[in-house]
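A quick write-up on the structure given underneath.
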There are 2 protein chains.
Amino acid sequence: MNISDAANAAGLPAKTLRYYEDIGLITPGRGANGYRDYSPEDVHRLTFLGRARSLGFSIEDCRALLSLYADEDRSSSDVKQIAQRHLDDISEKMRGLAEMQATLQSLVSACAGDKRPNCPILSSLGQPKTTKD
Amino acid sequence: MNISDAANAAGLPAKTLRYYEDIGLITPGRGANGYRDYSPEDVHRLTFLGRARSLGFSIEDCRALLSLYADEDRSSSDVKQIAQRHLDDISEKMRGLAEMQATLQSLVSACAGDKRPNCPILSSLGQPKTTKD
DNA sequence: CCTTGACCTTCCAGTGACTGGAAGGACTAC
DNA sequence: GTAGTCCTTCCAGTCACTGGAAGGTCAAGG
């Protein structure tokens with residue numbers, strides 16, 4: 001299976017497949033012409049990868065998950081730990097974003113958004129002791 | 001004011017101040033010895049920058065905000081537009097994160113997390129047609 | 001005057017996870 | 001044989017820093 005077919009099957013750009021090979025995640029065989037030749041298993045692992053990435057797992061997490069996936073003697077606790085840590089990361093990110101959102105929302109609401117220069121958003125960034133104008 | 005004093009005053013690493021000069025955000029004067037010399041206004045702008053960054057504005061947004069901040073003839077609508085777009089970005093990011101969070105949470109909850117290999121997290125990544133094991 | 005240590009300078013490289021593009025080889029269809 | 005599409009490798013860029021090396025400057029102490 002050539003790279004573009006594998007990419008289509010896995011729902012990933014061909015460039016990404018080359019990148020994954022570069023970093024040693026999934027190394028397909030090679031045909032006589034030097035072309036990459038992806039097996040159905042390779043495609044399956046690529047699909048697995050794509051889903052893990054879409055859940056926000058880092059490449060290193062994905063590497064670990066792939067190796068656990070292949071390991072029949074794994075402990076589900078190892079998998080769960082990775083996922084739980086990632087969940088914690090997500091929660092933290094969401095907290096940070098929510099905080100930004102709240103601050104920004106109050107500033108945006110307070111801003112007239114007209115042709116006058118007076119702007120609580122800039123005032124607040126310039127001297128944050130008061131959140132309001 | 002030397003770079004490390006300015007960095008302390010603004011609450012940013014000195015490296016970041018050099019970086020901001022590199023990209024043309026804030027260019028301090030120079031002493032006879034070649035050292036950067038930050039004026040109180042420079043420090044004020046750095047502090048402004050730090051706050052904008054901590055609200056998640058991109059460097060390019062910060063550049064625009066700084067220039068609006070300096071412009072007495074600005075329209076507050078220009079500021080508001082930047083902030084509103086950023087708010088929209090934040091909302092989108094939060095939506096994405098919440099989706100990941102929901103999916104991951106249900107998978108983590110379903111995983112025993114013991115020494116057995118059976119794992120709904122890996123099962124789901126391997127064949128996502130069913131979310132459950 | 002000399003040394004020590006803390007500061008400052010510039011420049012280069014690395015982060016994460018790709019993405020774009022150039023230069024050139026291989027394959028397919030007509 | 002040639003046009004067009006695929007494939008290859010390699011290099012550079014993204015974003016906002018961050019780390020570190022090599023070397024200049026300054027203030028204090030002996």
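Letters A, B, ... are given to chains in the order of the sequence lines, protein chains preceding strands, and every chain is numbered from 1. Just so you know, these numbers use all the heavy atoms, side chains as well, and skip hydrogens, waters and symmetry mates.
Straight-line distance from the CZ atom of A:Arg18 to the C1' atom of D:dC6: 10 Å, rounded to whole Å. Atom CG of A:Leu17 is separated from atom P of C:dC18 by 11 Å (rounded to the nearest Å). Rounded to whole angstrom, the span from the CZ atom of A:Arg30 across to the P atom of C:dA26 amounts to 14 Å. What separates CE of A:Met1 from P of D:dC6 is a distance of 15 Å, to the nearest Å. Residue A:Asp5 contributes atom CG, which lies 16 Å from atom P of D:dT5 at whole-angstrom precision. The CD1-P distance, from A:Ile26 to C:dC18, rounds to 12 Å in whole Å. If you measure from atom CG of A:Asp22 to atom C1' of C:dA17, you get 12 Å, rounded to the nearest angstrom.
Using a 4.0 Å cut-off between charged side-chain N and carboxylate O, A:Glu60 and A:Arg63 make a salt bridge.
Across A:Ile3 and A:Ala14, no two heavy atoms sit closer than the pair CD1-O, 3.5 Å. Smallest separation of non-hydrogen atoms from A:Phe57 and A:Ile82: CE2-CG2, 3.9 Å. Shortest non-hydrogen contact noted between B:Leu104 and A:Ala83 is CD2-CB, 4.2 Å. When every heavy atom of B:Gly31 is checked against every heavy atom of B:Asp37, the shortest pair comes out as N-CB, 4.3 Å.
Taking CG of A:Leu55 as the start and CD of B:Glu99 as the end, the distance is 9.0 Å to the nearest 0.5 Å. Interatomic distance, B:Leu66 CG to B:Asp71 CG, rounded to the nearest 0.5 Å: 12.0 Å.
Nucleic acid contact for B:Ile23: none, since no nucleic acid atom lies under 4.0 Å from a heavy atom of the residue. The residue B:Arg36 sits close only to the backbone: its heavy atoms come under 4.0 Å of sugar-phosphate atoms, none of a base.
The main-chain N or O of B:Ser4 is never found under 3.5 Å from a side-chain atom of B:Asn2 such that the two would form a donor-acceptor pair.
Residues that satisfy the ring-ring contact (aromatic ring centres under 6.0 Å, His included) test with A:Tyr35, not counting sequence neighbours, are absent from this structure. Applying the ring-ring contact (aromatic ring centres under 6.0 Å, His included) criterion to B:Tyr38, with sequence neighbours excluded, gives no partner residue.
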Inset, instruction - If a protein heavy atom is under 4.0 Å from the base, mark B; if only from the sugar-phosphate, S; if neither, -; do that for nucleotides 15-28 of chain D going 5' to 3'. - result: -BBSBB---BBS--

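For residues 78-90 of chain B, the set of pairs meeting the salt bridge (Lys or Arg N to Asp or Glu O under 4.0 Å) definition, not counting sequence neighbours, is empty.
Of all the residues in residues 92-100 of chain A, not one reaches under 4.0 Å from DNA chain D with any non-hydrogen atom.
Fit an axis to the five pairs at each end of the helix from C:dC1-D:dG30 to C:dC30-D:dG1 and the two axes sit 30° apart, to the nearest 10 degrees.
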